[in-house]
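Given the structure is predicted, the values throughout are model-derived calculations rather than measurements.
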Amino acid sequence: MSRPPTATSRTPTVSLTTNIAAIHGVGDRRADAFRRLGIRCVADLLLHLPMRYEHELEEAIGMDIGETISPDHGTAANIAVRGEVQRVQAKMRRRPRVEAELYYGTGTMLITWFNQPWMRSKIHPGMHIRAWGKVKRHGDYLQLVNPQWEAIKPDVEVAPRTERHRPVYSSNDDLSSTIIENAINAVLDDVLAKLEDHLHEGYRRQAALPTLAEAYRMAHRPANADEIASGRRRLAFDELLMLQLGVMLKRRHRHDTLTAPALTHNAAIDTHIKARFPFELTDAQQNVINDMVADLTRATPMNRLVQGDVGSGKTVIALYAMLLAVASNHQAALMAPTELLAEQHFASIKQMLSGSRVNIALLTGSLKPAQRRAIHEQLEAGEIDLLIGTHALLTEKVAFKQLGVAVVDEQHRFGVHQRATLRAKSSDAHSSPHVLVMTATPIPRTMSLTVFGDLDISTIRALPPGRQPIVTRLVGQRKADEVYRWVAERIDKGEQAYIVVPVIEESVSGLKDVQSHLDWLEKGALSRKRLAALHGRVKREQREAIMQQFRAGEIDALVATTVIEVGVDVPNASIMVIEHADRFGLAQLHQLRGRIGRGTRKSVCVLIADPVTDDGTARVEAIASTTDGFAIAEKDLEIRGPGELFGSRQSGLAPFRVAQIPRDIELLQMARRDAQAWIDENPMLAGQRDALLKRRLLKAHGKTLGLGDVA
Ligand code: ADP
Ligand code: MG
């Protein structure tokens with residue numbers, strides 16, 4: 001229903017792989033510009049979907065635009081208009097203004113260009129132009145302000161149409177949206193005629209989805225607003241369905257072909273393990289353990305995510321699973337994202353297991369080669385029962401004799417690949433350890449249905465008893481002196497503090513760095529207090545010594561970077577000051593603050609910030625207003641958008657082009673339901689009917705989801 005490409009502008013034999021330079025009207029020079037936008041071939045062009053549509057009323061000849069742009073449109077609507085310039089007036093005052101009257105067939109519109117004095121010499125009465133931009137209604141007349149425009153030939157014939165939704169493509173300096181539009185129009189019909197659909201007709205009918213070719217046509221050349229929505233729905237649905245199918249295929253495959261050791265669990269073992277814990281488990285913790293035990297005692301690999309806010313007590317849950325493996329003569333491994341966290345886990349678990357026969361070891365990148373080799377050998381011989389470490393755990397050299405349980409702590413710091421690598425640490429190809437992943441950054445419900453769709457999820461909703469709520473205060477930089485005087489008073493009362501700054505070394509950024517800040521504090525408000533610096537470049541021995549002293553109360557305050565973000569657990573520390581708080585991410589602030597409020601003292605977190613961006617302000621205000629990790633995760637999703645959070649970036653999965661979470665939550669639920677039915681009906685997507693679907697699925701997600709052996 002839109003401007004049909006003329007016969008001569010067609011590119012005769014196009015396919016999806018046709019080079020962009022071969023398209024009529026593109027040529028070599030423009031092809032470079034297309035490549036800079038990531039468009040190399042016709043398929044890329046097809047996938048370059050419009051960012052938005054301009055609602056054009058230019059062809060509304062014989063219709064009163066004034067009526068069309070009624071007050072219902074709000075104060076401004078996007079239109080394009082073509083017509084003849086009648087009068088031009090320029091007012092060159094402090095705020096220069098060029099005004100033109102444009103006659104568009106049935107009425108006159110005022111066009112105003114502010115601060116563009118040169119327009120005076122470009123626009124003349126009698127010229128025919130096409131102008132597009134925001135139109136405003138002022139009582140009787142319409143005004144276009146600072147529109148874009150182009151000169152046109154007066155004799156261009158305009159098809160009698162009442163409206164058009166003109167696609168607007170993301171473009172760059174040497175490639176306008178119009179050029180892209182023309183290139184697409186030159187190939188669209190031909191290529192769509194050849195495009196096969198991977199969804200079979202029966203399904204499409206029942207789900208009320210257009211064919212793939214129709215959907216692309218609707219996206220690039222919609223006849224009306226309904227078509228835009230309908231095309232978008234199909235394309236968004238495809239992405240969600242593909243991911244769901246991939247995830248379910250993977251899950252199915254794991255269930256059908258991989259085995260895991262069925263661990264023994266009984267009352268005696270349960271009592272034995274719990275006797276090692278220095279406290280009673282909460283109901284919330286016990287419930288998660290029950291979920292887990294049901295999985296661990298089966299011969300199918302567990303794949304469970306435990307999410308619980310910072311400080312909710314996830315470590316003992318992991319320890320329970322690991323000790324259950326050891327009780328069944330298997331090994332267990334715990335992987336942490338930082339050395340500091342791995343060392344903390346090692347120290348506290350070692351203490352809980354002191355005097356037992358469980359042999360525990362720490363493997364990180366800072367080990368000397370000889371030490372590392374020794375650990376590798378003992379692991380392979382089955383002499384080490386419980387291994388704690390960092391990424392170092394994933395290297396090829398690390399081989400277990402019988403890995404029963406693998407735990408990934410703070411999963412949000414890793415990607416999905418690590419999980420797959422750990423799983424492969426099993427002794428043979430058809431077996432897998434039980435995998436437990438833990439995160440303190442709760443996954444918003446909407447996201448948990450997508451990338452983490454292959455995990456079973458357990459949630460710890462309550463904190464251990466006796467916790468005092470954390471009070472959070474937000475102050476400006478000018479109050480810093482006052483803040484540190486108050487910190488000194490609290491230290492005098494026997495409390496300990498974390499002071500967090502954004503950078504390790506002095507830099508051009510002007511942000512506070514660890515050493516200068518520590519010097520400044522030592523000379524000023526915190527003189528005579530015992531301070532220590534902690535950051536990523538402090539050597540292992542020194543770092544361990546510092547943490548040990550801090551835990552023992554021999555250091556009053558740590559001046560640190562975000563290395564303390566995860567895993568530091570010192571209940572007596574009840575004060576936190578975060579400098580340049582607006583520079584940190586929301587999840588990060590929440591994690592940092594989670595270092596305090598672990599004991600029975602009333603904890604206070606002071607955020608020092610003078611935010612300069614809206615996002616920065618939104619973050620510090622959000623963190624100051626709640627301590628609920630779930631609420632913060634939702635807020636984070638709102639501020640940053642899902643792609644940043646759990647979607648693509650951290651998981652390594654390709655981002656969605658069209659689908660948006662949470663906007664498309666209903667489509668997502670439909671995709672989930674239908675993918676399940678699909679897989680139930682045709683578990684391996686075998687046979688002719690689903691062959692194309694399977695091929696496209698493997699192309700999209702085969703690598704990232706590790707679907708290799710499914711194919
Ligand atoms: P997470 O890893 O979920 O952030 P941790 O496992 O580090 O939390 O636990 C936080 C603190 O709470 C630790 O000091 C831990 O010893 C303590 N803790 C955990 N569970 C309990 C419980 N049931 N009762 C009392 N204290 C607990
Ligand atoms: Mg933890």
Asker: Got a donor-acceptor contact below 3.5 angstrom from the Lys694 side chain to the Met684 backbone?
Answerer: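 Yes, the answer is positive, given that a donor and an acceptor are paired below the 3.5 Å cut-off.
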Asker: Donor-acceptor pair, distance only, cut-off 3.5 Å: does the side chain of Asp309 make one with the backbone of Gly629?
Answerer: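 Such a contact is found between Asp309 side chain and Gly629 backbone.
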Asker: Any luck finding a side-chain donor-acceptor pair between Gln307 and Thr439 under 3.5 Å?
Answerer: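 No - no donor-acceptor pair under 3.5 Å links their side chains.
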Asker: Taking Arg233 for its side chain and Ala208 for its backbone only, find out whether a donor-acceptor pair lies under 3.5 Å.
Answerer: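 Answer holds: yes.
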Asker: Drop me the distance from Arg36's CZ to Asn172's CG, to the nearest 0.5 angstrom.
Answerer: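 So the CZ of Arg36 and the CG of Asn172 are separated by 6.5 Å.
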Asker: Quick check against the 3.5 Å criterion: does His434 have a side-chain atom that pairs as donor or acceptor with the backbone of Arg304?
Answerer: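 Here the side-chain-to-backbone pair does not exist.
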Asker: Flag the pair Arg29 and Asp32 as a salt bridge only when some basic side-chain nitrogen lies within less than 4.0 angstrom of an acidic carboxylate oxygen.
Answerer: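 Asp32 and Arg29: not salt-bridged.
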Asker: Checking Arg695 against Glu196 for the salt bridge (Lys or Arg N to Asp or Glu O under 4.0 Å) test, could you report, in this order, the C-alpha distance in whole Å, the side-chain angles of both residues, the deciding distance, and whether it holds?
Answerer: CA-CA 12 Å; Arg695 210 164 61 221; Glu196 282 180 87; 5.4 Å; no
Asker: Nearest 0.5 Å please: distance from the CG atom of Leu692 over to the CG atom of Leu199.
Answerer: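 These two atoms lie 9.0 Å from each other.
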Asker: Check step by step if side-chain contact (heavy atoms from CB on, under 4.5 Å) holds for Leu393 and Phe400.
Answerer: CA-CA 10 Å; Leu393 261 172; Phe400 292 82; 4.1 Å; yes
Asker: Output the distance between atom NZ (Lys401) and atom CG (Leu379), rounded to the nearest 0.5 Å.
Answerer: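 Spacing of NZ (Lys401) from CG (Leu379) equals 12.0 Å.
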Asker: If only atom types and distance count, is the side chain of His220 paired as donor or acceptor with the main-chain N or O of Leu46 below 3.5 Å?
Answerer: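 Here the side-chain-to-backbone pair exists.
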Asker: So, Gln331 side chain and Leu387 main chain: donor-acceptor pair closer than 3.5 Å or not?
Answerer: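 No; judged by distance alone, with no hydrogens or angles, the pair does not exist.
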Asker: To the nearest 0.5 angstrom, please state how far the OG1 atom of Thr211 sits from the CD atom of Glu201.
Answerer: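 Answer rounded to 0.5 Å: 10.0 Å.
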Asker: I need the minimum non-hydrogen distance between Ala236 and Leu667, along with the two atoms involved.
Answerer: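 Heavy atoms of Ala236 and Leu667 come nearest at CB-CD1, 3.8 Å.
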Asker: Heavy-atom distance under 4.5 Å between the side chains of Val187 and Thr18, does that happen here?
Answerer: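 Side chain of Val187 against side chain of Thr18, heavy atoms only: no contact under 4.5 Å found.
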Asker: Applying side-chain contact (heavy atoms from CB on, under 4.5 Å) to Leu175 and Ile180, what does each step give before you reach the verdict?
Answerer: CA-CA 7 Å; Leu175 206 58; Ile180 299 174; 4.1 Å; yes
Asker: Once you round to the nearest 0.5 Å, how far does CE of Met302 lie from OG1 of Thr297?
Answerer: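 If I round to the nearest 0.5 Å, the distance is 10.5 Å.
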Asker: Where the side chain of Arg232 meets the backbone of Val658, is there a donor-acceptor pair that is under 3.5 Å apart?
Answerer: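 Such a contact is found between Arg232 side chain and Val658 backbone.
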Asker: Look only at the side chain of Lys194 and the backbone of Val14, and say whether a donor-acceptor pair between them is shorter than 3.5 Å.
Answerer: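 Yes; judged by distance alone, with no hydrogens or angles, the pair exists.
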Asker: Under the rule for salt bridge (Lys or Arg N to Asp or Glu O under 4.0 Å), what residues qualify as partners of Asp226, not counting sequence neighbours?
Answerer: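 For Asp226, no residue satisfies salt bridge (Lys or Arg N to Asp or Glu O under 4.0 Å) once neighbours in sequence are set aside.
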Asker: Between Asp197 and Arg696, is there a salt bridge with N-O shorter than 4.0 Å?
Answerer: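 No, no charged N to carboxylate O under 4.0 Å.
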Asker: Considering non-hydrogen atoms only, spot the tightest contact between Ser458 and Val288 and give its length.
Answerer: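 Closest pair (atom of Ser458, atom of Val288, distance): CB-CG1, 3.8 Å.
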Asker: Does Pro50 reach the side chain of Val168, with side-chain heavy atoms less than 4.5 Å apart?
Answerer: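 The answer is no; the side chains never approach within 4.5 Å.
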Asker: Suppose we screen for salt bridge (Lys or Arg N to Asp or Glu O under 4.0 Å). Which residues come up paired with Asp674, at least two apart in sequence or across chains?
Answerer: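 Result, salt bridge (Lys or Arg N to Asp or Glu O under 4.0 Å) vs Asp674: none returned.
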Asker: Under the side-chain contact (heavy atoms from CB on, under 4.5 Å) test, which residues partner Ala622, sequence neighbours left out?
Answerer: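 With sequence neighbours excluded, Ala622 shows a side-chain contact (heavy atoms from CB on, under 4.5 Å) to Leu586, Lys635, given in chain and number order.
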Asker: Tell me if the CD atom of Gln206 is crowded by more than 12 foreign heavy atoms within 6.0 Å.
Answerer: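 Yes, because the 6.0 Å sphere around CD of Gln206 holds more than 12 heavy atoms from other groups.
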Asker: Apply the test side-chain contact (heavy atoms from CB on, under 4.5 Å) to residues Asp690 and Trp678: give CA-CA distance (whole Å), side-chain angles for both, the deciding distance (0.1 Å), then the verdict.
Answerer: CA-CA 10 Å; Asp690 292 335; Trp678 209 300; 3.1 Å; yes
Asker: Is any side-chain heavy atom of His198 closer than 4.5 Å to a side-chain heavy atom of Asp238?
Answerer: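 In short, these two side chains touch, coming nearer than 4.5 Å.
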Asker: What pair of heavy atoms forms the shortest contact from Phe34 to Ala183, and how long is it?
Answerer: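 Scanning both residues completely, I find the closest heavy atoms to be CZ-CB, 3.8 Å.
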Asker: Could you tell me whether Asp28 atom CG has more than 12 heavy atoms of other residues or ligands within 6.0 Å of it?
Answerer: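 Result for CG/Asp28: open.
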Asker: Can you see which heavy atom on His391 is nearest to which on Pro337, and at what distance?
Answerer: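 That would be CE1-O, 4.1 Å.
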Asker: Under the 3.5 angstrom rule, does the side chain of Glu239 hit a backbone N or O of Ala659 as a donor-acceptor pair?
Answerer: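 Between the backbone of Ala659 and the side chain of Glu239 there is a qualifying donor-acceptor contact (under 3.5 Å).
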Asker: Would you call Ile317 and Ile289 a side-chain contact if the rule is heavy atoms closer than 4.5 Å?
Answerer: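 Of all side-chain heavy-atom pairs linking Ile289 with Ile317, at least one is under 4.5 Å.
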Asker: Has Arg251 got a side-chain atom pairing as donor or acceptor with His255's backbone, closer than 3.5 angstrom?
Answerer: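 Answer holds: no.
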Asker: Within the 4.5 Å heavy-atom criterion, are Tyr203 and Leu209 side-chain neighbours or not?
Answerer: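 With C-beta onward as the side chain, the pair touches.
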Asker: Quick check for you: to the nearest 0.5 Å, what is the distance between Ile184 atom CD1 and Glu181 atom CD?
Answerer: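 If we round to the nearest 0.5 Å, Ile184:CD1 and Glu181:CD are 8.0 Å apart.
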Asker: Identify the two heavy atoms, one from Ala318 and one from Leu436, that lie closest to each other, and give their separation to 0.1 Å.
Answerer: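 Distance-wise, the nearest heavy atoms are CA-CD2, 3.9 Å.
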Asker: Are any of the side-chain heavy atoms of Ile23 and Leu45 separated by less than 4.5 Å?
Answerer: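 Ile23 reaches Leu45 side chain to side chain.
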Asker: Can you name the closest pair of heavy atoms from Val26 and Ala21 and give their distance?
Answerer: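 Closest approach of Val26 to Ala21: CG1-CA, 4.3 Å.
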Asker: Does the pair Arg234/Glu214 count as a salt bridge with the N-to-O cut at 4.0 Å?
Answerer: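 Result for this pair is no, no salt bridge flagged.
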Asker: Side-chain contact, heavy-atom cut-off 4.5 Å: Arg673 with Met670?
Answerer: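 SC-SC contact between Arg673 and Met670 confirmed.
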Asker: Starting from the C-alpha separation in whole Å, work towards a yes-or-no answer on side-chain contact (heavy atoms from CB on, under 4.5 Å) for Asp44 and His48.
Answerer: CA-CA 6 Å; Asp44 296 334; His48 193 72; over 6 Å; no
Asker: When you compare the side chain of Ile632 with that of Gln591, does any pair of heavy atoms fall below 4.5 Å?
Answerer: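 No, their side chains stay 4.5 Å or more apart.
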